[in-house]
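See structure below.
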Amino acid sequence: FQIEFINHASLIIKTEFLSIVTDPWIIGSAFSTGWFLQNKTKKSSIEQILNCDFVFISHSHPDHLNPNSLLWLKNKNWDPVFIVPKFKKKDFTKDLLFSIGFRKFIELANKEKCELIKGSNFHIQMIQDLSDRNDSGLLISYKNKKIVNLVDIPSPDIEGLNNIDIAFLPFANGASGYPICWQEIMNIKEIIRFKTNDNLNALRVFHERVNKLGAKVAVPFAGYFTSSLPEDKFINKINKLNKPEDVFNFKKKINYEILNPLLGLTYSQKDNKFKNKFKFKSSKKVNNDFKIALRNIILKRYQNFTRKEMIDFLKIQDFKDQLVICINAKDINFEKSYFQVYWDFYANKSITKKKFDQIYMNHKYRKIIINVRKYSLGYTIRNSLPWEEFSIGFQARFKRYPNLYNFSFWDYFQNHYNFTNPLLGDYIDLWENDDKLQKLFDKYI
């Protein structure tokens, strides 16, 4: 029995019967170059992933269902069985994997159990989110060991789970565009104050969940990313993430052990316990030249996205609300505007700026202004991806009136939107017909 941390939200568990990897983001960006891995994935870890029999994908965000990593692995003849959550809401996780070329799946509903290989004594149970979001984790039982991986579920359904040997829990915070990208709502001091309190709350929740699970060992998990392109200098400066050290320092008196995954994880048969491999091991950072080269390939592909493409996409939607939006396609520094689209979701049609300004004064309507990098918008729409691709990826700046969360709007364009372009089809075409991406990734690894 072996356990190894790979990167971000990815770990490998091996037994004499099988090996399983979770959420393998190993290379490239997530959220159309809005996020990058903090540390480079070791080549030896990638070789282990290529030998895994099973893969668990927790949800469809690209730091978990990562197109770059999956395309590269598929290109190396990787063909495992994918364990995916069966949500009540519409979800595209399985469809995207199918688009890339994977065909072997196990789908599990909330609390549904499965023995991965008959006679292996390796059982899994799906854990889903109670707040109706499409998010999941796993309970893994092997012989006398119980492992919980809650990835980054906001409200996991963990009632009744206890006596956990090791729990992988979210801790970092900072995976939201709010309020960093909503500067019309808060000034910089207010944002920093909000972030500080929010980070402390994430640490408090971490320790509460350890206690609720009765875990003997806890691991700060799924928070090892950065927004470090030159144009995201502001985001990287303001959006401070919790570090493993913050988890250690938050609470002095605990009756469980906390392991830093960046120091390696191992299970000692002799001591019958999980422990760190190293006292100190510095991780190699992801090279900035690689990040910029990848951004430039995607920028070149999607910078020609047009106003007509945006309007054609909005025309096929079924969303109706007393809401108007302005979509303003910008350059990477949010200085130059390429085009604007003004849309009335009640009438389901394009309107003029004059009409938008008139409605702007009508308190019966709610309004959202989205200033978004054109290449990120193009990547999202041409590949039929949800709008969290640019909102979580810090690729847009927002204004809203009144200052209320438009849940139905964001829920629709995350889970229920209509599309005609093949899911991830354009990016797959780029991968298959222009060898720049493949060469960049092969050289990097």
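Applying the salt bridge (charged side-chain N to carboxylate O under 4.0 Å, His left out) rule to Lys143 yields the partners Glu16; only residues at least two apart in sequence or on another chain are considered. With sequence neighbours excluded, the residues satisfying salt bridge (charged side-chain N to carboxylate O under 4.0 Å, His left out) with Asp232 are Arg373. For Lys275, the side-chain contact (heavy atoms from CB on, under 4.5 Å) partners are Thr266, Ser268, Asp271, Lys273, not counting sequence neighbours. In this structure Tyr302 satisfies the ring pair (Phe, Tyr, Trp, His ring centres under 6.0 Å) test together with Tyr379, sequence neighbours excluded. Applying the ring pair (Phe, Tyr, Trp, His ring centres under 6.0 Å) test to Tyr375 and every residue at least two apart in sequence or in another chain returns nothing. Ser10 is linked by a side-chain contact (heavy atoms from CB on, under 4.5 Å) to Ile6, Val21, Pro24, counting only residues two or more places apart in sequence or in another chain. Considering only residues two or more places apart in sequence or on other chains, Arg382 meets the salt bridge (charged side-chain N to carboxylate O under 4.0 Å, His left out) condition with Glu309. With sequence neighbours excluded, the residues that form a ring pair (Phe, Tyr, Trp, His ring centres under 6.0 Å) with Tyr267 are Phe1, Phe274. Qualifying side-chain contact (heavy atoms from CB on, under 4.5 Å) partners for Lys233, counting only residues two or more places apart in sequence or in other chains: none. Among residues two or more places apart in sequence or in another chain, the ring pair (Phe, Tyr, Trp, His ring centres under 6.0 Å) test is passed with Trp431 by Phe441. In this view, Val372 and Ile327, Ile370, Leu377, Phe390, Ala396 satisfy the side-chain contact (heavy atoms from CB on, under 4.5 Å) rule, not counting sequence neighbours.
No donor-acceptor pair closer than 3.5 Å links the side chain of Asn249 to the backbone N or O of Asp246. Using modelled atom types, no side-chain atom of Asp152 and backbone atom of Pro170 make a donor-acceptor pair closer than 3.5 Å. With hydrogens and angles ignored, the 3.5 Å screen pairs no side-chain donor or acceptor of Ser29 with any backbone N or O of Ser32. A donor-acceptor distance shorter than 3.5 angstrom exists from the side chain of Gln317 to the backbone of Phe313, with no hydrogens or angles considered. Within the 3.5 Å criterion, the main-chain N or O of Asp132 finds no donor-acceptor partner in the side chain of Lys88. Between the Ser60 side chain and the Phe92 main chain, no donor and acceptor come within less than 3.5 Å of each other. Side chain of Gln128 to backbone of Lys86: a donor-acceptor contact under 3.5 angstrom is found. Looking only at distances, no side-chain donor or acceptor of Asn421 sits under 3.5 Å from a matching main-chain atom of Ser384.
In this structure, a donor-acceptor pair under 3.5 Å is absent between the side chains of Thr33 and Lys291. Checked by atom type, the side-chain pair Asn7/Thr41 shows a donor-acceptor distance below 3.5 Å. For the residue pair Asp318 / Tyr417, no side-chain donor-acceptor distance below 3.5 Å is found, with atom types taken as modelled. At a cut-off of 3.5 Å, with distance as the only test, a side-chain donor of Ser45 or Glu4 sits close to an acceptor on the other residue. Under the 3.5 Å distance criterion, with hydrogens and angles disregarded, a donor-acceptor pair is assigned to the side chains of Asn110 and Asp157. When only modelled atom types and interatomic distance are considered, Asp135 and Ser58 share no side-chain donor-acceptor pair under 3.5 Å. Side chains of Trp25 and Asn68: a donor-acceptor N/O pair is absent below 3.5 angstrom, by distance only. Between Lys145 and Asn272, the side chains place a donor N or O and an acceptor N or O closer than 3.5 Å (distance only, hydrogens not considered). Asn242 and Asn173 are not linked by any side-chain donor-acceptor pair at a separation below 3.5 angstrom, with hydrogens and angles left out of the test. Looking at Lys320 and Asn348, their side chains never bring a donor and an acceptor atom within 3.5 Å of each other.
Atom NZ of Lys300 is surrounded by 12 or fewer heavy atoms from other residues, nucleotides or ligands within 6.0 Å. Within a 6.0 Å radius of CD in Glu159, no more than 12 heavy atoms belonging to other residues, nucleotides or ligands are found. Within 6.0 Å of the NZ atom in Lys315, the count of heavy atoms belonging to other residues, nucleotides or ligands does not exceed 12. The environment of NZ in Lys74 is crowded: more than 12 heavy-atom neighbours from other residues, nucleotides or ligands sit within 6.0 Å.
The shortest heavy-atom contact between Asp129 and Pro154 is OD1-CD, 3.3 Å. Here the closest non-hydrogen pair linking Gly174 and Lys195 is CA-NZ, 3.4 Å. The minimum heavy-atom distance between Leu259 and Glu257, with the atom names listed, is CD2-OE2, 3.6 Å.
To the nearest 0.5 angstrom, Ser408 atom OG is 9.5 Å from Tyr405 atom OH. To the nearest 0.5 angstrom, Leu437 atom CG is 6.5 Å from Leu294 atom CG. Here CZ of Phe82 is found 7.0 Å from CZ of Phe105. Values are rounded to the nearest 0.5 Å. For the atom pair CG (Leu96) and CG (Leu423), the distance works out to 4.5 Å, reported to the nearest 0.5 Å.
Ring geometry for His207 against Tyr256 counts as tilted: the plane angle lies between 30° and 60°, on a 0 to 90° scale. Ring pair Phe5/Tyr224 is perpendicular by interplanar angle, where above 60° counts as perpendicular and below 30° as parallel.
Of the charged side-chain nitrogens involved, at least one lies within less than 4.0 Å of a carboxylate oxygen, so that Asp321 and Arg366 count as a salt-bridged pair. A salt bridge does not link Lys146 to Asp165: none of the charged nitrogens lies less than 4.0 Å from a carboxylate oxygen. Residues Lys94 and Glu107 are paired through a salt bridge, judged by an N-O separation under 4.0 Å between the basic side chain and the carboxylate. Checked for salt-bridge contact, Lys89 and Asp411 meet the test: a charged N lies under 4.0 Å from a carboxylate O. A salt bridge links Arg301 with Asp426: at least one charged nitrogen is closer than 4.0 Å to a carboxylate oxygen. The pair Glu208-Arg204 meets the salt-bridge criterion, with a side-chain N (NZ, NE, NH1 or NH2) lying under 4.0 Å from an Asp/Glu carboxylate O.
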Check step by step if side-chain contact (heavy atoms from CB on, under 4.5 Å) holds for Leu139 and Leu161. CA-CA 9 Å; Leu139 167 66; Leu161 298 185; 3.8 Å; yes
Does the pair Thr420 and Ile316 meet the rule for a side-chain contact (heavy atoms from CB on, under 4.5 Å), with working shown? CA-CA 9 Å; Thr420 54; Ile316 65 171; 4.0 Å; yes
Going through the checks in order, is the side-chain hydrogen bond (donor to acceptor under 3.5 Å, both in side chains) test met by Lys240 and Asn199? CA-CA 8 Å; Lys240 298 295 184 184; Asn199 282 7; over 6 Å; no
Could you pull out every donor-acceptor pair under 3.5 Å between side chains of residues 111-124 and any protein atom, sequence neighbours left out?
unit_1	atom_1	unit_2	atom_2	d
Glu112	OE1	Ala109	N	2.8
Glu115	OE2	Gly119	N	3.2
Glu115	OE2	Ser120	N	3.3
Glu115	OE2	Asn121	N	2.9
Ser120	OG	Ile117	O	2.6
Ser120	OG	Phe122	N	3.2

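With Trp182 as the aromatic partner, Arg397 does not meet the cation-pi criteria of under 6.0 angstrom to the ring centre and within 45 degrees of the ring axis.
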